[in-house]
Amino acid sequence: MVRTLIEEIELGSKNALLKINIIRYYINNGENTLADLGKEMDLSVPTVTKLVTELIEEGYVVDFGKQETTGGRRPNIYGVNPDSGYFVGVDIKHIWINIGLINFKGDMVESKFSIPFNYENTQDSFDKLCIIINDFVDHLSIPKPKILSAGINISGRVNSETGHSYSIYFFSEKPLSEIFQEHLGMHVTIDNDSRSMAYGEFMSGLVKGEKNILFVNVSWGLGLGIIIDGKLYYGKSGFSGEFGHLSAFDNEVLCHCGKKGCLETQASGSFIYRRFLEKIAEGNSSILEKRMKKGEHIIQEDILEAAMKEDMLAIELIEEVGNTLGKHIAGLINLFNPELVIIGGVVALTGDYLLLPIRSAVKKYSLNLVSKDSSIKLSKLGDKAGVVGACMLARSKMLGLI
Ligand SMILES: [Zn+2]
């Protein structure tokens with residue numbers, strides 16, 4: 001249905017453009033009366049009435065009836081019809097996938113979290129991913145044609161405009177978004193995972209009116225989503241935010257990008273994992289020791305969980321990451337002068353163990369005048385930030401909101 005509107009816009013229809021602006025208005029500002037909508041959009045009441053009536057007939061807008069007021073006349077309020085279209089969001093993590101579905105209004109109506117998965121740059125991994133997404137869609141309570149678009153988060157370098165991915169699943173010259181479309185049978189856009197998490201937090205998380213925001217994604221890797229003046233910042237080709245690959249150390253640790261000494265090699269979940277195994281081999285103790293001695297394979301999440309059970313070794317490593325990260329976030333604050341720095345990603349699920357050393361290092365290493373403008377907070381959406389962002393990006397891209 002939205003495609004029809006977009007097609008009309010492409011044909012140069014002024015009414016279609018006004019109608020999509022009304023939909024955007026409702027999405028950004030919520031429900032409203034026709035009189036107020038007219039004022040906000042600088043249109044006469046008869047024009048607004050005509051356009052909204054058409055949008056109701058087309059199924060995009062609903063009349064919610066009389067407004068609840070304490071007397072006087074009570075005009076009807078109107079807003080988007082939640083059922084007029086749906087958007088799928090897919091967040092691929094290191095060892096699992098989260099998938100969600102939002103309605104046209106932006107409410108998450110169905111979701112599936114922590115579906116086991118092996119994120120590797122192989123055809124087999126890609127095929128399994130498509131099977132999982134198709135299976136999710138097949139089991140939804142709404143029919144597939146109601147899904148207008150899907151947003152998929154990809155780690156590393158992604159050009160969301162051309163649909164190319166350069167860090168993972170680059171098997172052909174064809175844009176990855178197109179290959180996804182062929183396998184999934186629906187419209188697909190891709191974006192960088194940290195950018196998508198930032199957008200999730202911006203649209204329905206922690207952000208309450210702030211316009212200049214940095215979202216630091218501390219997961220297996222380290223990423224950054226940048227919002228400037230209320231808009232996602234992409235850079236020329238969509239590669240902005242490669243915070244994890246900042247050359248920060250003289251270490252000999254080979255980063256997965258192919259270089260040595262990247263910030264990510266000492267400030268990420270993969271660092272915590274690597275150091276934890278080394279420390280245990282050196283004879284340090286931990287509550288996970290027994291399992292490891294039995295030959296059991298432990299994962300990053302086991303260590304983060306151990307920290308929540310007050311395991312000193314795990315806590316110390318998270319603090320070390322917090323310190324290192326804080327020092328470099330101080331640099332970001334000096335550069336960007338943001339209102340809000342959000343710390344998210346799986347490592348941030350450990351809360352104060354990561355946040356407090358970050359705050360303390362930021363205080364120590366940033367310019368006080370600059371950093372006193374910035375509050376540093378934990379992500380509100382937690383492990384849902386990616387999937388919420390992916391859904392929201394799918395909708396916003398389709399409606400031309402970003
Ligand atoms: Zn690197």
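Just so you know, residue 1 is the first one in the sequence shown, and it goes up from there.
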Sorted by first residue and then second, give each salt bridge (Lys or Arg N to Asp or Glu O under 4.0 Å) pair with at least one member in residues 321-338; sequence neighbours left out.
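For residues 321-338, and leaving out neighbouring residues, there are no salt bridge (Lys or Arg N to Asp or Glu O under 4.0 Å) pairs at all.
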
Got a sec, which pairs hit salt bridge (Lys or Arg N to Asp or Glu O under 4.0 Å) with one end in residues 230-242, sequence neighbours left out?
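As it turns out, the salt bridge (Lys or Arg N to Asp or Glu O under 4.0 Å) pairs with a partner in residues 230-242, which skip direct neighbours, are R157-E242.
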
If only atom types and distance count, is the side chain of [X] paired as donor or acceptor with the main-chain N or O of [Y] below 3.5 Å?
X    : Y    : result
N337 : D373 : no
H164 : E173 : yes
R24  : L401 : no
Y273 : I298 : yes
D91  : V388 : no

Provide the full list of side chain to side chain donor-acceptor pair (under 3.5 Å) pairs with a residue in [range], sequence neighbours left out, each pair given once.
range            : result
residues 378-398 : D191-K397, Y199-S396, E201-S379
residues 253-268 : N251-T265, N251-Q266, E252-K260, H256-E264, S268-S270
residues 99-110  : E110-S141
residues 42-51   : S44-T47, K50-E54

Nearest non-hydrogen partners of [X] and [Y], listed with the distance:
X    : Y    : value
A267 : T324 : CB-CG2, 4.2 Å
M108 : C391 : CE-SG, 4.3 Å
S149 : M398 : CB-SD, 4.2 Å
I27  : F104 : CD1-O, 4.0 Å
N368 : K363 : OD1-O, 3.8 Å
N192 : S194 : OD1-N, 3.0 Å

Tell me every residue that passes side-chain contact (heavy atoms from CB on, under 4.5 Å) with [X], counting only those two or more places apart in sequence or in another chain.
X    : answer
L356 : D352, R359
E339 : E210, K211, N212
S125 : F117, E120, T122, Y169
S240 : R195, I226, Y233

Quick one, [X] and [Y] - any side-chain contact, counting heavy atoms below 4.5 Å?
X    : Y    : result
P175 : T162 : no
S167 : S155 : no
N76  : K66  : yes
V90  : N153 : no
E316 : K279 : no
V347 : S219 : no
I56  : Y78  : yes
L184 : V188 : yes

Yes or no on side chain to side chain contact (heavy atoms under 4.5 Å, CB included) for V80 and Y26, after CA distance, side-chain angles and deciding distance?
CA-CA 6 Å; V80 286; Y26 284 138; 3.8 Å; yes

S196 and D193: side chain donor to acceptor below 3.5 Å:
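Side-chain D/A pair, S196 to D193: absent.
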
Under a plain distance cut-off of 3.5 Å, with no hydrogens placed, do D127 and Q123 share a side-chain donor-acceptor pair?
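The answer is yes; a qualifying pair exists.
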
Kindly indicate, with the supporting measurements, whether the criterion side chain to side chain contact (heavy atoms under 4.5 Å, CB included) is fulfilled by L129 and F180.
CA-CA 10 Å; L129 172 63; F180 268 126; 3.6 Å; yes

Looking at I97, I115, I152, D138, which hits side chain to side chain contact (heavy atoms under 4.5 Å, CB included) with I133?
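That would be I152; it is the only one of I97, I115, I152, D138 passing the side chain to side chain contact (heavy atoms under 4.5 Å, CB included) with I133.
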
With rounding to the nearest 0.5 Å, note down the distance linking [atom1] in [X] to [atom2] in [Y].
X    : Y    : atom1 : atom2 : answer
L55  : I20  : CG    : CD1   : 9.0 Å
N159 : S165 : CG    : OG    : 10.5 Å
I92  : I168 : CD1   : CD1   : 7.5 Å
L34  : L37  : CG    : CG    : 6.5 Å

Kindly determine whether L313 and F276 satisfy side chain to side chain contact (heavy atoms under 4.5 Å, CB included), including the steps that lead there.
CA-CA 7 Å; L313 180 58; F276 189 87; 3.7 Å; yes

Let's go through Y234 and F239 carefully: what are the C-alpha distance in whole Å and the side-chain angles of both, what is the deciding distance for ring pair (Phe, Tyr, Trp, His ring centres under 6.0 Å) to 0.1 Å, and is it a yes or a no?
CA-CA 6 Å; Y234 279 83; F239 307 151; over 10 Å; no

Worked check of side chain to side chain contact (heavy atoms under 4.5 Å, CB included) between L393 and T189
CA-CA 9 Å; L393 274 176; T189 59; 5.7 Å; no

Counting only heavy atoms not in [X], do more than 12 fall under 6.0 Å of its [atom1]?
X    : atom1 : result
K146 : NZ    : yes
E161 : CD    : no
D250 : CG    : no

Can you list everything that forms a side-chain hydrogen bond (donor to acceptor under 3.5 Å, both in side chains) with D229? Sequence neighbours excluded, please.
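So D229 forms no side-chain hydrogen bond (donor to acceptor under 3.5 Å, both in side chains) with any residue.
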
Carefully, step by step, assess H328 and Y365 under the rule ring pair (Phe, Tyr, Trp, His ring centres under 6.0 Å).
CA-CA 8 Å; H328 289 86; Y365 293 105; 8.7 Å; no

Determine, for E182 against K174, whether the closest basic-nitrogen to carboxylate-oxygen distance falls under 4.0 angstrom.
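Between K174 and E182 there is a salt bridge, with a charged N closer than 4.0 Å to a carboxylate O.
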
Do K290 and E296 sit within salt-bridge range, that is, some charged N less than 4.0 Å from a carboxylate O?
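Answer for the salt bridge query: no.
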
Would you list the atom pairs, donor with acceptor, under 3.5 Å between side chains in residues 302-311 and any protein atom, with sequence neighbours excluded?
from, atom 1, to, atom 2, distance (Å)
D302, OD2, R291, NH2, 3.4
D302, OD2, I299, N, 2.8
D311, OD1, S286, OG, 3.1
D311, OD1, I287, N, 2.7
D311, OD2, S286, OG, 3.4
D311, OD2, A314, N, 3.0

How about W96 and F113: are their ring centroids closer than 6.0 Å?
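Ring-ring flag for W96/F113: false, centres at least 6.0 Å apart.
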
